[in-house]
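Take a look at the structure below.
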Amino acid sequence: MIFDLLITGATIVNADGAVNATIAVQGGTVAGLLAPDTALPDAVRTIDATGLIAIPGGVDGHCHAEQVTGKYRSLDTYASTTSAALRGGTTTILDFGIPADASERPIDALQRKIRLISENGARCDVALHGSVITWDDTTSAQLEQMAKLGVHSVKMYTTNRGSTMSDDDTIVRVMHEMARLDGLAYIHSEHDGIIVDRTAACADRGQVGIAHLHESRPRISEDASVREILAIAEYTGSPVYFVHQSTPDAVDAVAAARARGMHAYSEICPHYLLRDDSVYSSASPEMFACCPPMRSAEDVAGLRERVRRGLVDTLSSDHTSYDLAQKREHSDDVRHMPHGLPGAETRMAAGYTAMVIQEEQPIEDFVAMFSATPARVNGLHRKGVVAVGFDADLVLFDPEERRVVHAEDLHQDSDFTPFEGLELGGWARYVVSAGRVVVDEGAFADPGPVGRFVGQAPFSERPGVTRPAARVPVG
Ligand SMILES: [Zn+2]
């Protein structure tokens with residue numbers, strides 16, 4: 001037999017350890033891991049990866065593509081966002097079917113995104129989370145329809161009043177449904193009442209511009225909301241995943257819930273590890289306009305400590321392609337600014353730098369958060385591991401290479417990056433996606449519109465989880 005691709009000489013690092021082997025790829029799948037001294041079989045192409053590290057292709061559990069929220073529209077397409085992701089070593093993204101406004105039904109928002117994945121030429125595999133803003137008497141049936149499409153997770157926001165925010169009744173009902181339908185609730189957790197109150201107080205002092213973003217969304221708003229959502233998850237029996245946790249207390253609350261047997265997961269983004277709230281007094285604070293905002297240096301140190309202890313499950317980009325002009329239109333009032341940062345292309349380098357270079361964690365820890373755990377938690381059975389029978393999604397990189405980040409060198413449909421000027425390691429030299437070499441000696445080799453919509457497994461079929469017993473309300 002002639003293999004499509006052989007990769008020789010690399011050290012393969014999975015989340016559970018490292019091995020030296022030749023990777024043999026056939027038909028988009030890893031077909032063999034051969035001992036390094038075995039005679040090489042025939043192959044269409046052989047890459048000599050001596051000195052490089054091979055890890056499973058990245059799985060970005062939280063990546064917004066073609067986002068439309070009210071009057072805001074991100075500047076990308078599925079073609080461009082997935083190309084940027086591939087350049088940065090991510091071979092699968094999970095995006096969201098968020099209703100564009102109150103008139104769009106959740107199932108229609110989801111089906112619109114499924115259509116756009118092929119119409120707008122995704123370059124890598126894309127899975128989707130559903131999203132519900134307001135419960136009505138059709139929601140339950142819509143969630144059943146989503147599950148039939150292989151969408152077993154639903155995102156809700158506890159903040160953004162008048163836009164994407166769900167009220168408590170909706171959150172409780174949807175989480176009951178997630179328990180019933182064997183799904184997972186994805187929650188953006190910030191306490192809206194606290195944020196509205198604090199932002200009004202800031203506005204009274206004339207401090208509602210971007211330089212005060214972090215003051216208008218204090219850490220206690222996140223900590224309070226996470227505790228509330230955990231209580232609802234415990235009450236309903238729904239597994240719960242917290243996106244972009246930015247405070248040590250929020251991570252600790254999730255870890256404590258997990259320790260008492262709940263299915264609760266903690267996600268972090270690289271910018272919360274590499275930037276602190278001093279950026280809001282910099283010359284371009286709009287480059288850091290995201291929610292939650294960057295936290296204090298002390299919080300960043302506390303977050304890094306939790307990552308080192310293995311309390312954080314996943315590293316996601318929360319990528320959104322807005323540019324500075326869209327941000328600056330509302331620099332004087334953050335209440336009207338589109339929030340979100342580009343990061344699909346830099347997730348690997350930024351996360352690798354924070355964890356492996358700066359904190360000297362084992363590469364295995366990085367692989368767990370970058371690809372293995374996001375694949376497992378999101379029910380993508382063929383992703384996140386370099387092993388026989390898994391998708392041939394691979395990244396090869398030189399652990400010694402360093403580059404200084406400049407937005408003009410990136411491809412994220414934006415004119416800025418929150419990592420501007422930082423020296424980062426962890427840049428992909430080769431990326432293999434579904435068996436195709438799509439980054440070749442550092443250059444993008446466009447595979448064309450081959451990206452597929454992929455479904456998730458139901459929650460209880462995800463390795464390492466058992467279905468939690470639905471709780472009966474007490475008293
Ligand atoms: Zn997001």
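One-based numbering, in listed order, for ligands and for the atoms of each. These figures come from a predicted structure and were not determined experimentally. Quick note: residue numbers are just sequence positions, from 1.
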Might you confirm whether atom CD of Glu298 has over 12 heavy atoms from other residues, nucleotides or ligands at distances under 6.0 Å?
no

Here the N/O/S atom of Asp318 closest to the Zn ion (ligand 1) would be OD1

According to the interplanar angle, ranging from 0 to 90°, do the rings of His64 and Phe96 count as parallel (below 30°), tilted (30 to 60°) or perpendicular (above 60°)?
parallel

Just by distance, with hydrogens left out, do Gln245 and Arg306 show a side-chain donor and acceptor under 3.5 Å apart?
no

When you check the side-chain N and O atoms of Asp249 and Thr247, is any donor under 3.5 Å from an acceptor?
no

The Zn ion (ligand 1) to nearest N/O/S of His188 below 2.8 Å
no

From the Zn ion (ligand 1) out to just under 2.8 Å, does an N/O/S atom of His64 turn up?
yes

